[in-house]
Amino acid sequence: MKKNLFLLLTIISVSLFAQELPANPETGKCYVRCKTPDQWENQDVTIEVSPAYKKLKVVPAQYGTENQTVVVQDAYKELSVVPAKYGTETFEVEVQGPGKKLEVVPAEYSKSSVDVEVQGPGQTLKVIPAKYGTETFEVVVKEASQRLEVVPAKYETRTETIVVQEASKKLEVIPAQYETRTETIVVQPASTKVKVIPARYETVTETILVKEASQSMSIVPAKWGTETLTYRKSDFGSKLTIVPAKFSSSSETIETRAESAQWTMSDQPAPECQSSDPNDCRYWCYKSIPAQFTTVNTTLLVSDAMVNRVPGCNQEGGNNPDCGNATYTKKVLVSPATTVIKDIPAVTEVVKKTVMVDEPRTELVEIPAVTKTVKKTVMVQPPSTKVIDIPAITKTVKKTVMVTPPTTRVIEIPAVTETFKRTVVAAEPQTIVNEIPPVSKSFAVTNISPETTRVIDIAPVSKTFKRTVMTTPPQAVATDIPAKTATLKRTVLTKDAYVTEETVPAQYKTVTKEVLVKKGGLSTWKEVECELVEYSPLPIKWNLGSATLTREAKNLIDTRLMPVLNQGVAIEIASHTDSRGSKESNQDLSERRARAVVNYLMAKGINSSKLVAKGYGENRLTNRCSDGVTCTEKEHQANRRTEFRVISQ
């Protein structure tokens with residue numbers, strides 16, 4: 001029964017399509033069955049995602065400072081002592097008696113010089129070396145010989161010694177011999193020196209009055225006590241504590257697109273299709289599209305903000321009325337000051353006096369003569385020369401001598417000579433004697449006249465002392481001292497703490513909702529360009545392994561696809577890869593590339609119902625370059641392609 005019903009629907013569908021073919025089609029033209037899409041309208045729905053609530057802010061208490069004057073010390077009388085007045089008188093005391101001293105008249109010295117011979121006469125020899133000349137002479141180093149043209153002569157080498165420098169003589173100087181002798185000279189004769197033995201003194205003591213007896217007055221200071229007093233130092237304002245608003249999280253689901261349906265054509269023709277064209281037997285199905293929803297996170301107000309007030313400790317209702325109190329100390333007079341007179345005894349001073357016991361005297365001290373030892377160089381043996389023989393210099397010369405003459409034609413070979421230089425003595429060496437004069441050195445000699453003494457009288461020495469005498473005794477003077485006050489700073493509350501309230505407005509979120517305005521359906525046939533029905537290349541140059549559109553690719557889509565889509569047709573985007581890599585990765589890459597093109601078109605405002613993205617991977621190769629086949633890069637590039645075609649909906 002179901003089979004018959006399906007067959008009946010298929011026949012009706014086929015006949016419906018057969019009846020609805022384009023009327024009066026033109027030969028060579030292509031037509032596409034178009035569908036009128038459902039018309040949707042976007043409507044904005046506002047949702048409260050966060051409620052309004054109160055935001056409280058505590059303005060702290062304000063305080064001021066005021067001064068309070070308090071007495072911290074009572075008035076009293078202060079005693080001051082006017083000290084005794086003293087005068088000063090002077091008197092002299094002899095602190096050293098008369099005496100004598102000896103003064104030395106120093107010796108007189110004069111200077112003279114003495115010449116001493118420190119090196120005797122001598123001689124030096126100067127050698128004038130022998131003079132040499134050079135003469136040249138020839139030596140036969142190879143005698144004249146003969147040689148044959150065919151059999152050469154035989155030679156042997158012999159050595160001969162020749163003199164290249166004659167024997168000569170040279171003089172060697174034997175220097176003079178000297179020895180050093182010492183000689184003592186007197187540079188200062190013996191003399192005497194006066195030694196002064198000074199006078200001997202003794203010290204005696206003497207007591208003198210330097211300050212008379214007097215009186216002093218001292219003050220017995222007043223006695224004080226302390227008293228602790230209490231005052232209000234600081235006021236304390238209220239303490240406000242804010243309890244912030246409490247929230248809870250929630251959510252709200254919004255229908256952004258209502259449930260709808262659309263017409264779709266079957267991929268396969270009906271099984272009992274009798275037409276030679278399978279497209280005649282395809283049927284349309286009206287398939288439902290489920291509604292779309294979105295969930296928006298929202299916040300719910302559980303409790304609004306509130307404030308808790310705690311009064312200050314010394315405010316009304318506070319927990320400690322004395323918390324702002326402080327104390328200060330007041331100085332209280334217990335007994336006033338008094339005076340006490342004290343006797344000051346006289347002041348004496350012990351003075352030391354120097355008295356001469358023995359007069360000064362002199363002694364003579366012998367000063368020995370001063371001598372100086374001088375080193376003197378004396379020639380013991382004069383210089384001389386000795387003759388040294390210089391042997392002649394010879395040189396060994398190799399000489400070639402013919403032993404056997406050649407046996408054939410004789411060729412005369414002249415003798416070979418060689419020129420040598422020989423050094424000969426032109427003048428014998430000789431010596432010249434230079435006389436060295438003696439050397440003298442001048443020494444300073446001191447002449448002395450002995451020293452003497454003379455007596456000088458020393459006058460006695462007196463010292464002036466000052467003596468203090470009281471002219472007016474000390475007395476006491478009373479001065480009235482007023483009471484002392486202090487300024488205490490008090491902190492007073494000028495304005496208690498309070499709360500400011502700010503209402504934080506609710507927050508809303510706008511959700512776009514699609515509402516169906518007009519139902520679509522199947523429409524009439526529409527004429528399109530025939531090449532658009534077949535796959536057309538979209539020559540996008542993809543980067544290796546990438547599905548990201550470059551700027552050039554986007555410009556290509558704008559110029560090639562947008563004009564076609566603006567005609568109201570739907571298109572399929574097909575992307576292909578070459579066979580290199582795994583089939584799974586190639587399939588995924590082709591799908592991502594096709595989806596990238598569709599996403600870009602949707603961003604340009606094209607409805608998604610007019611776009612189909614398909615990735616075929618390496619399933620639709622255009623040439624032989626399948627797995628395992630070696631191909632050129634150009635052949636692989638032909639398989640990496642993106643295409644599009646108009647599809648009938």
Atom of [X], atom of [Y] and distance for their closest heavy-atom approach:
{"X": "Gly545", "Y": "Arg592", "value": "O-NH2, 4.2 Å"}
{"X": "Gln567", "Y": "Pro563", "value": "CG-O, 3.6 Å"}
{"X": "Arg560", "Y": "Pro537", "value": "NH2-O, 3.2 Å"}
{"X": "Pro60", "Y": "Val58", "value": "CD-O, 3.6 Å"}
{"X": "Thr298", "Y": "Ser251", "value": "OG1-N, 3.5 Å"}
{"X": "Ala245", "Y": "Leu301", "value": "CB-CD1, 4.0 Å"}

How long is the span from the [atom1] atom in [X] to the [atom2] atom in [Y], to the nearest 0.5 Å?
{"X": "Arg641", "Y": "Leu538", "atom1": "CZ", "atom2": "CG", "result": "12.5 Å"}
{"X": "Tyr63", "Y": "Thr494", "atom1": "OH", "atom2": "OG1", "result": "9.0 Å"}
{"X": "Ser579", "Y": "Asp627", "atom1": "OG", "atom2": "CG", "result": "5.0 Å"}
{"X": "Leu561", "Y": "Ile571", "atom1": "CG", "atom2": "CD1", "result": "4.5 Å"}
{"X": "Ile254", "Y": "Thr294", "atom1": "CD1", "atom2": "OG1", "result": "8.0 Å"}
{"X": "Thr226", "Y": "Leu229", "atom1": "OG1", "atom2": "CG", "result": "10.0 Å"}

Next item on the list: Using the salt bridge (Lys or Arg N to Asp or Glu O under 4.0 Å) rule, take Lys55 and Glu501 through it: C-alpha gap first, then chi angles, then the decisive distance, then the call.
Entry: CA-CA 6 Å; Lys55 196 174 185 180; Glu501 182 178 313; over 6 Å; no

Check: Yes or no on salt bridge (Lys or Arg N to Asp or Glu O under 4.0 Å) for Arg580 and Glu633, after CA distance, side-chain angles and deciding distance?
Finding: CA-CA 11 Å; Arg580 291 180 293 186; Glu633 182 58 33; 3.3 Å; yes

Checklist line | Qualifying ring-ring contact (aromatic ring centres under 6.0 Å, His included) pairs, either residue in residues 591-623, two or more places apart | finding: His576-Tyr616

Check: Going by the ring-ring contact (aromatic ring centres under 6.0 Å, His included) test, which pairs reach into residues 541-570, not counting sequence neighbours?
Finding: none

Item checked: Contacts of type side-chain hydrogen bond (donor to acceptor under 3.5 Å, both in side chains), residue Ser546, not counting sequence neighbours -> none

Next item on the list: Could you pull out all residues at least two apart from Ser582 that satisfy side-chain hydrogen bond (donor to acceptor under 3.5 Å, both in side chains)?
Entry: Ser585

If we only count heavy atoms from C-beta on, is the [X] to [Y] side-chain gap below 4.5 Å?
{"X": "Ser626", "Y": "Arg624", "answer": "no"}
{"X": "Val302", "Y": "Phe247", "answer": "no"}
{"X": "Thr299", "Y": "Ser250", "answer": "no"}
{"X": "Val597", "Y": "Ile557", "answer": "yes"}
{"X": "Ile573", "Y": "Val612", "answer": "no"}
{"X": "Leu601", "Y": "Met562", "answer": "yes"}
{"X": "Lys239", "Y": "Thr241", "answer": "no"}
{"X": "Val569", "Y": "Val564", "answer": "yes"}

Next item on the list: Would you list the pairs meeting disulfide bond (SG atoms under 2.5 Å apart) in which at least one residue belongs to residues 563-628, sequence neighbours left out?
Entry: Cys625-Cys631

Note to self: Which residues pass the salt bridge (Lys or Arg N to Asp or Glu O under 4.0 Å) test with Glu48, not counting sequence neighbours?
What the structure shows: none

Item checked: Partner set under salt bridge (Lys or Arg N to Asp or Glu O under 4.0 Å) for Arg595, not counting sequence neighbours -> none

Non-neighbouring partners of [X] that pass side chain to side chain contact (heavy atoms under 4.5 Å, CB included), sequence neighbours left out:
{"X": "Ser590", "result": "Ser575, Thr577, Gln587"}
{"X": "Ser249", "result": "none"}
{"X": "Thr394", "result": "Thr161, Val163"}
{"X": "Gln507", "result": "Val49, Ser50"}

Next item on the list: Could you walk me through whether Val499 and Val59 pass the side chain to side chain contact (heavy atoms under 4.5 Å, CB included) test, one step at a time?
Entry: CA-CA 6 Å; Val499 176; Val59 179; over 6 Å; no

Notebook entry, point to check: Are Arg640 and Glu618 close enough, and set up right, to give a salt bridge (Lys or Arg N to Asp or Glu O under 4.0 Å), and what steps lead you there?
Noted result: CA-CA 9 Å; Arg640 295 195 304 272; Glu618 57 180 271; over 6 Å; no

Margin query: Just by distance, no angles: are the side chains of Thr622 and Asn639 close enough, under 3.5 Å, to form a donor-acceptor pair?
Written below: yes

Notebook entry, point to check: Going by distance alone, is a donor N or O of one side chain under 3.5 Å from an acceptor N or O of the other, for Asn623 and Glu635?
Noted result: no

Next item on the list: Could you tell me whether Lys554 and Asp558 make a salt bridge, using a distance below 4.0 angstrom between a side-chain N and a carboxylate O?
Entry: no

Notebook entry, point to check: With the threshold set at 4.0 Å, does a side-chain nitrogen-carboxylate oxygen contact exist between Glu227 and Lys330?
Noted result: no

Note to self: Please check: side-chain N/O of Thr500 versus main-chain N/O of Lys57, any donor-acceptor pairing under 3.5 Å?
What the structure shows: yes

Notebook entry, point to check: Does any N or O in the side chain of Asn67 come within less than 3.5 Å of the main-chain N or O of Arg490, such that one atom is a donor and the other an acceptor?
Noted result: no

Checklist line | Steps toward side chain to side chain contact (heavy atoms under 4.5 Å, CB included) verdict (Tyr53, Glu502) | finding: CA-CA 9 Å; Tyr53 64 96; Glu502 176 188 355; over 6 Å; no

Check: Pairs in or reaching into residues 290-306: which pass salt bridge (Lys or Arg N to Asp or Glu O under 4.0 Å), with residues at least two apart or in two chains?
Finding: none

